[in-house]
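Because the structure is predicted, anything quoted here is derived from the model rather than measured. When a residue number appears, it is its place in the shown sequence, counting from 1. Just so it is clear, the values below take in all heavy atoms, side chains as well, and ignore hydrogens, waters and symmetry mates.
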Amino acid sequence: MSYERFAYIYDHLMQDVDYDGWLDFVNRQSETYAAEGKDILDIACGTGELSLRLAGNGYSVTGIDLSEDMLVMAQQKAQERNIMLSIFQQDMSRLELQREYGLITIFCDSLNYLEKEEDVIHTFRGVYNHLKKDGLFMFDVHSLYKVSQIFMNQTFTHTDDAVSYIWDCFPGEVPNSVEHELTFFVADEKTGLYERVEELHKQRTYPVLQLTEWLAKEGFEVLDISADFTEQPPSDDSERLFFTCRKK
């Protein structure tokens with residue numbers, strides 16, 4: 001996966017994403033399950049849109065991401081909005097921070113970018129080790145239904161004056177995985193010409209039972225599983241699954 005070029009058009013493509021839905025989810029679950037304070041580690045924070053919303057709602061936020069370019073954009077936004085945001089470049093499956101947090105999140109299906117089972121397990125273990133006693137871990141993933149029925153062998157397109165794309169989805173090399181071949185056409189403001197940018201993104205998901213078994217083995221109690229930004233349990237056609245866990 002490469003975000004080097006993708007980072008600079010990411011926000012344009014994500015402008016309709018429901019970041020406020022994730023914020024509401026964190027606030028609701030934090031209140032329901034009595035979070036251990038307002039300090040939060042936002043893993044895979046990207047360009048900082050959710051991190052900045054969390055900070056604006058009274059959280060003390062640390063953000064990490066694998067992409068240096070994403071983090072540069074997140075820091076620029078924080079400075080422009082006069083918001084304190086600590087950011088670090090790290091791989092979520094190899095967390096090495098010198099403190100513990102009351103809350104840790106991994107949203108926007110970022111966990112699905114881990115292609116190996118052991119990397120998911122290592123991520124859960126790292127999260128556990130960086131949580132305070134009774135701290136909360138919240139994350140979301142694509143459902144099996146979304147990968148197999150919504151993505152697989154489909155083509156999506158988008159056209160506007162600034163950015164257009166063709167998005168082709170193909171079966172991945174391992175079970176319950178998908179490869180996204182993205183071709184962007186990005187307008188140059190000075191010349192009006194379009195630059196072609198190509199990206200390959202790989203994602204993999206897992207059955208709910210498998211995820212809950214890994215979580216339990218690493219020391220988590222699964223408090224709640226819901227779907228699609230609602231408080232309802234998953235159904236056969238749910239697309240995004242939300243987990244709320246507590247460090248036992």
Side-chain angles (χ1 to χ4, degrees), residues 1 22 25-26 28-30 32-37 39-46 50-51 54 59 61-67 70 86-144 146-147 172 174-178 201-227 233-234 238-248:
M1 180 188 67
W22 280 300
F25 178 80
V26 172
R28 183 173 67 247
Q29 299 299 81
S30 296
T32 300
Y33 296 107
E36 297 297 308
D39 53 327
I40 187 166
L41 174 62
D42 185 20
I43 295 176
C45 65
L50 178 58
S51 295
L54 290 165
Y59 292 91
V61 184
T62 299
I64 71 162
D65 201 275
L66 189 61
S67 167
M70 291 281 196
S86 299
I87 59 174
F88 300 94
Q89 184 181 12
Q90 286 201 13
D91 182 335
M92 72 173 79
S93 65
R94 293 167 176 80
L95 285 178
E96 292 185 8
L97 298 167
Q98 303 304 312
R99 57 165 297 184
E100 295 178 337
Y101 299 85
L103 287 147
I104 296 181
T105 61
I106 309 177
F107 287 133
C108 200
D109 49 84
S110 298
L111 194 72
N112 292 129
Y113 280 96
L114 299 177
E115 298 177 55
K116 298 179 180 179
E117 294 184 6
E118 55 264 34
D119 287 338
V120 178
I121 294 169
H122 290 161
T123 298
F124 289 164
R125 187 173 303 159
V127 168
Y128 183 91
N129 291 335
H130 285 78
L131 274 173
K132 296 176 181 177
K133 180 183 178 182
D134 296 324
L136 296 180
F137 173 35
M138 305 177 197
F139 68 93
D140 67 42
V141 292
H142 290 316
S143 67
L144 296 176
K146 186 170 187 179
V147 169
V174 294
N176 303 316
S177 67
V178 61
H201 293 243
K202 298 180 180 182
Q203 290 190 305
R204 182 181 186 182
T205 199
Y206 299 92
V208 169
L209 181 59
Q210 180 68 82
L211 291 169
T212 55
E213 286 179 354
W214 287 337
L215 288 162
K217 186 174 181 179
E218 295 306 321
F220 287 102
E221 175 189 6
V222 177
L223 302 171
D224 180 65
I225 304 174
S226 60
S238 297
E239 296 185 22
R240 185 180 299 274
L241 308 181
F242 288 76
F243 289 70
T244 302
C245 314
R246 190 192 306 279
K247 177 176 179 174
K248 291 194 292 187

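In this structure the side chain of I225 reaches within 4.5 angstrom of the side chain of P234, judged on heavy atoms. Contact of the H122 side chain with the R94 side chain is not registered, since no non-hydrogen atoms from C-beta on lie closer than 4.5 Å. Side-chain contact between T123 and R125 is absent, with no heavy atoms from C-beta onward closer than 4.5 Å.
The nearest pair of heavy atoms linking Y128 to E218 is CD1-O, 3.3 Å. Closest approach of E115 to R204, counting heavy atoms only: O-NH1, 3.0 Å. Residues M92 and A44 come closest through the heavy atom pair CE-CB, 4.1 Å. Between S30 and L136 the shortest heavy-atom distance is CA-CD1, 4.2 Å. The two atoms that bring K116 and Y206 nearest to each other are C-OH, 3.7 Å, heavy atoms only. Closest approach of C45 to S51, counting heavy atoms only: CB-OG, 3.4 Å.
By the side chain to side chain donor-acceptor pair (under 3.5 Å) test, W22 is found to be paired with D140, residues two or more places apart in sequence or in another chain being considered.
Rounding to the nearest 0.5 Å places OG of S238 at 11.5 Å from NZ of K146. In this structure, L223 CG and T32 OG1 are separated by 10.0 Å, a value rounded to the nearest 0.5 Å. The structure places CG of N129 at 9.0 Å from CG of L95, a figure rounded to the nearest 0.5 Å. Here Q210 contributes atom CD and N176 contributes atom CG; the two are 10.5 Å apart, rounded to the nearest 0.5 Å. Separation of atoms CD1 (I43) and NE2 (H130) is listed at 8.5 Å; rounding is to 0.5 Å. Rounded to the nearest 0.5 angstrom, L215 CG and L211 CG are separated by 6.5 Å.
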Apply side chain to side chain contact (heavy atoms under 4.5 Å, CB included) to I40 and V26, showing your working.
CA-CA 10 Å; I40 187 166; V26 172; 4.3 Å; yes

Under the side chain to side chain contact (heavy atoms under 4.5 Å, CB included) criterion, do R240 and D109 qualify, and how do the steps go?
CA-CA 8 Å; R240 185 180 299 274; D109 49 84; 3.0 Å; yes

Check the pair Q29 / M138 against side chain to side chain contact (heavy atoms under 4.5 Å, CB included), numbers first and verdict last.
CA-CA 9 Å; Q29 299 299 81; M138 305 177 197; 3.6 Å; yes

With side chain to side chain contact (heavy atoms under 4.5 Å, CB included) as the criterion, how do L241 and V208 come out once you've worked through the C-alpha distance, each side chain's angles and the decisive distance to 0.1 Å?
CA-CA 9 Å; L241 308 181; V208 169; 3.5 Å; yes

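Between K247 and D134 there is no salt bridge, since no side-chain N of the basic residue sits under 4.0 Å from a carboxylate O of the acidic one.
With hydrogens and angles ignored, the 3.5 Å screen pairs no side-chain donor or acceptor of T205 with any backbone N or O of N112.
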Validation: residues 96-108 side-chain donor-acceptor distances under 3.5 Å, sequence neighbours left out:
from, atom 1, to, atom 2, distance (Å)
R99, NH2, D39, OD2, 2.9
Y101, OH, T62, OG1, 3.4
T105, OG1, D42, OD1, 3.1

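Using bins of under 30°, 30° to 60° and over 60° for the plane-to-plane angle, the ring pair F25/F242 lands in the tilted bin.
A donor and an acceptor atom, one from each side chain of E239 and S143, are nowhere located under 3.5 Å apart. Donor-acceptor pairing under 3.5 Å is lacking for the side chains of Q89 and D65.
Looking at W214, F139, F243, F137 one by one, the single match for ring pair (Phe, Tyr, Trp, His ring centres under 6.0 Å) with F220 turns out to be F137.
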